[in-house]
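Here is the structure we will look at.
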Amino acid sequence: MLVQAATTLLHIPLFHKSQVRMSNTNQQPPAPNRAHHELVNGKKHILINAFDMSTVGHLSPGQWKNPVDKSATKRRLDYWIELAKLLERGGVNALFLADTYGGYDTYEGSVDNCIRRAAQWPITDPTIPISAMAAVTKNLSFAITASTSFEPPYLLAKRFSTLDHFTQGRIGWNIVTSWKKSAFKAIGLDNPIEHDERYRQADEYLRVLYKLWESSWSPTALSPDPDNDSYVDPAQVRTINHKGKYFSLDAKHIVDPSPQRTPFLFQAGTSSAGSDFAATHAEAIFVSGHSPSVLRPKIDAIRALAAQKGRDPRSIKVFATFTPIVADTDELAQEKLKELKKYASTIGGLVLVSGWTGIDLSKLPLDKEISKEDSVEAHKVTSILDNFTTASTEHPRWTPRLVAEHAAIGGLGPVSVGSPQTVADELERWVKEADVDGFNIGYVTTPGTFEEVVDLLIPELRRRGVYPEPPDPSEEPVTAREKIYGKGQNGLRDDHEGSRYKYHLYQEDPPYKSEEEGQT
């Protein structure tokens with residue numbers, strides 16, 4: 001039904017939306033840390049990441065047909081090099097790279113439209129261009145999405161330690177647990193792991209990584225001594241013996257400590273299990289929603305959980321998806337939107353939303369209100385399903401028609417169309433109403449959207465005093481974690497769970513025993 005209506009839907013106007021565990025239960029959480037982006041005027045610096053993906057159709061599928069769009073050139077290294085230079089010039093915090101495995105096959109029960117509409121297909125590995133981008137920048141950080149579901153922790157630990165070295169500490173990891181059937185089938189498994197079980201597995205995965213990154217090497221293990229032909233003192237490189245429910249490891253970390261040791265930790269997902277995981281492990285959370293009123297309770301809940309775990313709740317930085325369409329005036333921005341809609345792939349957008357929510361939107365009447373009961377697929381992104389089935393002032397009723405309208409341009413979050421002043425107003429509103437710290441800026445065309453952000457939006461935010469000035473070229477660059485927490489904070493904060501695995505504190509966990517073994 002939606003296939004037949006796709007051409008009509010393209011002409012529907014888009015909305016213009018201008019830890020260390022506490023041994024003493026009476027111990028109080030640490031005092032809030034005043035990060036460098038919190039200002040004395042009661043406001044705070046807005047953090048901006050550029051949100052991209054190594055694919056043709058990220059969140060606004062179909063724009064590859066637009067003559068000004070260069071998303072089809074992402075398989076060339078110069079695309080990434082030039083993008084990094086642009087973001088560096090604008091003082092953007094980080095380039096945040098999404099990733100996925102397998103195609104989206106919920107819409108019409110087939111992957112065909114995913115492939116045909118280039119809806120996150122084809123897709124290349126996001127880690128490969130990082131070194132080239134790091135070589136042409138000094139301050140831009142990089143956050144890469146990688147799953148805890150498909151490879152042993154040891155392999156991921158080596159890759160991220162290497163990237164942290166090559167970027168001089170400018171690397172972050174967006175932690176995800178994988179849910180697509182097609183991805184699990186690609187590695188020989190018939191079905192994905194159950195949702196909450198994925199997070200229990202991911203929790204152990206992180207603890208293995210902390211042991212490798214934080215516990216294996218003493219800070220003085222690498223001590224070159226030419227006279228004695230000794231580069232590393234083997235007595236100061238600890239073997240990690242981990243015997244858990246999901247993972248076993250008997251190894252020393254093969255990479256010496258990198259500038260941050262543990263990469264800066266992002267996490268995406270606000271389900272109950274995801275929120276608990278985030279409150280334990282995340283230093284920053286990536287959230288998506290079309291209304292600040294929908295996101296605010298989820299953000300408040302994660303901060304409250306973090307406080308219960310002994311963490312400063314303000315130390316967890318929250319980034320929301322946001323797609324701006326910016327021009328010199330509101331009228332010119334509306335003209336730009338009108339042009340962009342000519343190339344939008346409504347079906348491509350519906351393919352993505354169907355996959356994320358587990359709802360085959362091709363089967364629903366255009367004006368039926370969508371409910372969670374429509375999601376018959378067990379494996380999906382629970383937090384995104386919640387976003388598209390929760391009413392708000394902006395969207396009192398989600399229908400396939402409204403979803404189609406949003407899916408074509410912007411996808412997961414709000415689209416703000418207007419002058420730099422109009423869009424900056426909207427960013428400040430979201431910071432105030434949703435209590436977010438920054439934004440993952442999605443693009444409609446690339447590098448066009450990012451050029452608008454760098455040349456129009458960021459200067460307006462700086463004029464308002466809510467965006468950092470460019471770094472002093474004479475100063476030494478800082479790490480990804482220092483950009484968030486201030487100079488000197490290369491490693492995990494003392495109130496972070498991973499800090500209890502630091503070399504001088506480490507004690508090996510006892511081997512895992514099942515309930516049956518524990519009773520014997």
Side-chain angles (χ1 to χ4, degrees), residues 19-24 27 29-30 146 148 151-165 169 171-173 175 199-222 232-267 276-284 305-306 308-312 315-316 479-482 484-485 488-512:
Q19 120 198 127
V20 174
R21 292 196 173 181
M22 303 167 79
S23 57
N24 182 350
Q27 184 178 350
T148 60
E151 63 180 323
Y154 186 83
L155 300 184
L156 186 140
K158 181 182 181 183
R159 185 165 70 254
F160 273 88
S161 290
T162 303
L163 287 169
D164 201 48
H165 275 301
I171 202 71
W173 172 28
I175 307 161
Y199 280 102
R200 288 189 286 272
Q201 181 193 61
D203 179 81
E204 184 180 328
Y205 196 103
L206 264 291
R207 294 175 192 281
V208 175
L209 290 173
Y210 296 146
K211 292 177 181 182
L212 291 167
W213 285 327
E214 301 288 341
S215 308
S216 188
W217 286 64
S218 159
T220 57
L222 199 161
V232 177
D233 180 0
Q236 296 189 60
V237 184
R238 178 184 287 127
T239 298
I240 303 301
N241 293 293
H242 176 89
K243 306 298 179 186
K245 179 179 180 180
Y246 305 100
F247 304 102
S248 293
L249 178 78
D250 182 10
K252 303 174 189 289
H253 189 28
I254 200 168
V255 186
D256 56 298
S258 61
Q260 298 183 113
R261 285 196 178 235
T262 296
F264 186 79
L265 299 174
F266 286 87
Q267 187 263 346
D276 187 73
F277 181 89
T280 302
H281 298 288
E283 297 173 283
L305 280 170
Q308 292 172 18
K309 294 175 184 289
R311 298 182 65 187
D312 172 7
S315 71
I316 299 179
T479 64
R481 188 169 282 111
E482 287 178 298
I484 300 298
Y485 295 134
Q489 190 68 56
N490 287 318
L492 294 167
R493 285 168 46 94
D494 288 344
D495 61 348
H496 188 279
E497 175 72 5
S499 282
R500 73 184 184 95
Y501 293 92
K502 289 182 178 179
Y503 187 86
H504 65 287
L505 296 174
Y506 175 70
Q507 291 184 337
E508 187 61 74
D509 297 324
Y512 169 79

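Values in this document were obtained by computation on a predicted structure and should not be read as measured data.
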- Residues forming a side-chain hydrogen bond (donor to acceptor under 3.5 Å, both in side chains) with Tyr154, sequence neighbours excluded: none
- Message: How close do Ile240 and Ser215 get, counting heavy atoms only, and between which atoms?
- Response: CD1-CB, 4.1 Å
- Quick one: do Arg207 and Arg500 satisfy side-chain contact (heavy atoms from CB on, under 4.5 Å)? Show the steps, please. CA-CA 10 Å; Arg207 294 175 192 281; Arg500 73 184 184 95; 3.4 Å; yes
- Distance col, row Asp312:CG vs Asp494:CG, nearest 0.5 angstrom, shows 12.0 Å
- Message: I need the minimum non-hydrogen distance between Val255 and His165, along with the two atoms involved.
- Response: CG1-CD2, 3.7 Å
- Query: Would Arg238 count as a cation-pi partner of Tyr506, with NZ or CZ less than 6.0 Å from the six-membered ring centre and within 45° of the ring normal?
  - Reply: no
- Item | Pairing residues for Ala282 by the side chain to side chain contact (heavy atoms under 4.5 Å, CB included) criterion, not counting sequence neighbours | Gln267, Ala278, Ile285
- Looking only at heavy atoms, what is the nearest atom pair of Ala279 and Leu305, with distance? CB-CB, 3.5 Å
- Note on the structure: All heavy atoms of Lys502 vs all of Leu492, minimum pair found to be NZ-O, 3.2 Å
- Message: Lys158: which residues meet the salt bridge (charged side-chain N to carboxylate O under 4.0 Å, His left out) condition with it, sequence neighbours left out?
- Response: none
- Residues Thr262, Leu209; criterion side-chain contact (heavy atoms from CB on, under 4.5 Å); working and verdict: CA-CA 8 Å; Thr262 296; Leu209 290 173; over 6 Å; no
- Message: Under the rule for side-chain hydrogen bond (donor to acceptor under 3.5 Å, both in side chains), what residues qualify as partners of Ser161, not counting sequence neighbours?
- Response: Trp213, His253
- Task: Would you please name every residue forming a salt bridge (charged side-chain N to carboxylate O under 4.0 Å, His left out) with Arg481, sequence neighbours left out?
- Result: Glu283
- With sequence neighbours excluded, residues passing ring-ring contact (aromatic ring centres under 6.0 Å, His included) with His281: Tyr210, Phe277
- Task: Using a 4.5 Å cut-off on heavy atoms from C-beta on, say whether the side chain of Asp256 contacts that of Val232.
- Result: no
- Query: Would you say Glu482's side chain and Asn490's backbone share a donor-acceptor pair under 3.5 angstrom?
  - Reply: no
- Are Lys309 and Asp276 close enough for a salt bridge, meaning some N to O gap below 4.0 Å? yes
- Partner residues of Phe266 under the ring-ring contact (aromatic ring centres under 6.0 Å, His included) criterion, sequence neighbours left out: Phe96, Phe264, Phe319
- Item | side-chain contact (heavy atoms from CB on, under 4.5 Å) evaluation trace for Leu265 with Ile175 | CA-CA 7 Å; Leu265 299 174; Ile175 307 161; 4.1 Å; yes
- Roughly how far, to the nearest 0.5 Å, is the OG1 atom of Thr479 from the CD1 atom of Ile484? 9.5 Å
- Query: How would you list, by chain and number, every residue that makes a side chain to side chain contact (heavy atoms under 4.5 Å, CB included) with Tyr246, sequence neighbours excluded?
  - Reply: Glu197, Arg200, Gln201, Glu204
- Quick one: side-chain hydrogen bond (donor to acceptor under 3.5 Å, both in side chains) partners of Asn241, sequence neighbours excluded? none
- Task: Not counting sequence neighbours, which residues clear salt bridge (charged side-chain N to carboxylate O under 4.0 Å, His left out) with Asp509? List them please.
- Result: Lys211
- Answer yes or no: is there a donor N or O on one side and an acceptor on the other, between the side chain of Gln489 and the main chain of Gly491, under 3.5 Å? yes
- Query: Sequence neighbours excluded, which residues qualify as side chain to side chain contact (heavy atoms under 4.5 Å, CB included) partners of Pro219?
  - Reply: Arg261, Tyr503
- Message: Using side-chain heavy atoms (C-beta onward) and a distance below 4.5 Å, is Leu206 in contact with Trp173?
- Response: yes
- Task: Under the side-chain hydrogen bond (donor to acceptor under 3.5 Å, both in side chains) rule, collect the residues that match up with Lys252, sequence neighbours excluded.
- Result: Thr239
- Message: A quick test of your reading: do over 12 heavy atoms of other residues, nucleotides or ligands sit less than 6.0 Å from CD1 of Ile254?
- Response: no
- For the student: nearest non-hydrogen atoms of Pro259 and Asp164, plus distance: N-OD2, 3.4 Å
- Would you indicate whether the side-chain heavy atoms of Tyr205 and Leu156 approach each other to under 4.5 Å? yes
- Query: What's the spacing between Lys243 NZ and Leu249 CG if we round to 0.5 Å?
  - Reply: 7.5 Å
- What closest approach, in Å, do Ser315 and Asp495 show between heavy atoms, and which atom pair accounts for it? OG-OD2, 4.4 Å
